[in-house]
Amino acid sequence: MKPIVAVVGRPNVGKSMLVNRMTGRKDAVVQDQPGVTRDRVSHDVEWAGREFVLVDTGGWAPDVKGMAAQIAAQAELAVATADAVLLVVDAQVGIQDIDEAVVTMLRRSGKPVVLAANKVDDQRFEADAALMWNLGLGEPHPVSALHGRGAGDLLDAVVQALPSGEDAAAPETDQERKVALVGRPNVGKSSLLNKLAGQTRSVVDDVAGTTVDPVDELVTVGGVVYNFIDTAGIRRRIKEASGHEYYASLRTQSAIERAEVCIVVVDASETITDQDLRIINSVEDAGRALVIGYNKWDLTDAERRFYLTREIEKDIQAFAWAPSVNISALTGRNVDKLGKAIEAALEGWETRVTTGQLNAFLGRLTAAHPHPVRSGKQPRILFGTQAQACPPTFVIFTTGQFDAPYVRFIERRLREEFGFTGSPVKIEIRPRVKRGK
């Protein structure tokens with residue numbers, strides 16, 4: 001495995017901004033307020049020919065309760081599993097009681113610690129950084145996460161603190177199929193990941209919007225290892241969001257695009273909302289395989305299940321091709337059935353139809369149900385081919401433009417003939433271009 005470096009410190013010292021500076025990417029959500037980062041979020045880093053994993057954590061504080069206690073527990077778990085620790089302190093504010101408590105916790109862990117004195121934006125704060133010697137962790141490395149000042153020297157120190165020797169061969173995580181958990185806030189995505197992983201991998205709280213950064217975790221479902229991605233709840237359209245919610249929405253959209261299957265988690269105990277439908281549509285637009293999980297089934301009664309069935313028939317009938325599972329992340333009900341649904345969706349997503357099969361099907365279809373006559377002309381299908389899979393995309397060459405209802409009719413009949421369970425099907429109509437005389 002690659003060496004692991006845990007980034008810890010009290011809240012609002014600039015850990016996530018420093019992580020972005022060290023990775024060279026804006027992976028972590030950053031905002032000028034404490035408590036934005038909550039889960040353990042891993043980032044790959046390469047420096048001076050050495051590869052390692054940087055684990056960003058939430059702010060650690062002693063004797064806290066509620067969500068803050070869960071965030072602190074995640075930070076402690078990151079330290080326990082790390083090969084080295086990067087402690088970030090605020091040089092402008094100076095040493096706080098919480099900083100000393102963090103140092104005590106790190107001494108108990110016995111892990112090598114690199115001390116980063118952040119917010120040393122210019123030479124005026126060099127003396128403030130020198131005061132961090134009083135923490136007893138050795139030389140403080142002055143750095144500015146905002147401007148990048150001293151970031152290279154800090155990375156050199158981190159590499160020196162890593163275990164000596166060549167890195168062990170890292171597992172090829174790209175081989176695992178990527179599954180994103182998406183949905184509105186507070187529908188149980190993080191609880192579902194924790195239940196699947198068999199551990200507290202994501203912070204869970206009754207407060208909506210607990211997850212901010214996407215959390216990756218390798219999970220075995222039905223004997224198959226998947227790379228699950230827990231994402232932030234999408235409260236509204238990205239353009240309407242603000243603050244860290246806006247950046248969290250961007251990370252969620254990015255997670256959808258890098259996933260192969262998206263499990264849209266819907267709260268079965270509440271009425272299906274327009275936002276649920278928008279999220280399902282966004283997965284379809286991204287061309288990803290789709291599974292719908294109706295969570296909190298343990299909170300539904302016979303009356304609610306009756307109305308849920310009516311809502312599904314009314315609002316989600318257009319996505320009847322997607323497998324659905326009634327689950328409870330709290331009790332674990334039917335969670336194991338997600339494996340078969342994921343496999344079915346992936347199989348449909350990767351389905352490829354030969355050109356001969358497709359044109360034979362189109363010939364039978366148009367003979368039985370030709371396109372309606374428009375302006376005295378009847379457009380015909382000349383030829384069809386599947387341009388790509390993942391998702392199945394078909395290009396149909398015609399003598400004229402097809403009506404949208406007829407294109408939907410072709411899609412429906414394609415599904416009846418070839419399946420495509422759990423996958424969107426895209427059809428592109430290319431009318432014949434008339435050559436000028």
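All residue numbers refer to positions in the sequence shown, counting from 1.
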Is there side-chain contact between [X] and [Y], with heavy atoms separated by less than 4.5 Å?
X	Y	value
T355	F383	yes
Y226	E176	no
R333	N326	yes
D230	N194	no
T300	Y294	no
R412	R415	no
R305	W297	yes
I427	L414	yes

Applied to residues 281-290, the side chain to side chain donor-acceptor pair (under 3.5 Å) test, sequence neighbours excluded, yields none

Stepwise, does the side chain to side chain contact (heavy atoms under 4.5 Å, CB included) test hold for L346 with W349? CA-CA 5 Å; L346 280 171; W349 193 58; 4.2 Å; yes

What do you reckon, is [atom1] of [X] surrounded by more than 12 foreign heavy atoms closer than 6.0 Å?
X	atom1	value
Q123	CD	no
K111	NZ	yes
F397	CZ	yes

Pair listing, salt bridge (charged side-chain N to carboxylate O under 4.0 Å, His left out) test, anchored in residues 340-350, at least two apart: R177-E350

Shortest non-hydrogen separation from [X] to [Y] and the atoms involved:
X	Y	answer
D44	V53	OD1-CG2, 3.7 Å
E313	Q317	O-CB, 3.2 Å
K189	T231	CE-O, 3.3 Å
V261	A345	CG1-CB, 4.5 Å
N334	I327	O-CG2, 3.6 Å

Ignoring hydrogens and angles, write down the donor-acceptor pairs under 3.5 Å from the side chains of residues 76-83, residues two or more places apart or on other chains.
from	atom 1	to	atom 2	distance (Å)
E76	OE2	W60	NE1	2.9
T81	OG1	L77	O	3.1
T81	OG1	A78	O	3.2
D83	OD2	I4	N	2.8

Can you list everything that forms a side-chain hydrogen bond (donor to acceptor under 3.5 Å, both in side chains) with E257? Sequence neighbours excluded, please. none

Compile the donor-acceptor pairs under 3.5 Å between side chains in residues 86-106 and protein atoms, sequence neighbours left out, one pair per line.
from	atom 1	to	atom 2	distance (Å)
D90	OD1	Q92	N	3.0
D90	OD1	V93	N	3.4
D90	OD2	K119	NZ	3.0
Q92	NE2	K119	O	2.9
D99	OD1	R10	NE	3.2
D99	OD2	R10	NE	3.3
D99	OD2	Q96	N	3.0
T104	OG1	E100	O	3.0

Enter the distance from I229:CD1 to I256:CD1 here, rounded to the nearest 0.5 Å. 10.0 Å

Between D216 and N227, is the side chain to side chain contact (heavy atoms under 4.5 Å, CB included) condition met? List the steps. CA-CA 7 Å; D216 289 49; N227 183 8; 3.6 Å; yes

Pairing of E428 and R430 as salt bridge, 4.0 angstrom limit: yes

Test your reading of the model: is there a side-chain donor-acceptor pair from [X] to the backbone of [Y], 3.5 Å cut-off?
X	Y	value
N295	V265	no
R184	V266	no
E46	E51	no

Exercise answer: donor-acceptor pairs, residues 138-152 side-chain atoms, under 3.5 Å, sequence neighbours excluded:
from	atom 1	to	atom 2	distance (Å)
S144	OG	D121	OD1	2.7
S144	OG	H147	N	3.1
R149	NH1	V120	O	3.4
R149	NH1	E126	OE2	2.9
R149	NH2	E126	OE2	2.8

Side chain to side chain contact (heavy atoms under 4.5 Å, CB included), that's the test. Do I410 and I396 meet it? Break it down for me. CA-CA 11 Å; I410 295 176; I396 300 177; 4.3 Å; yes

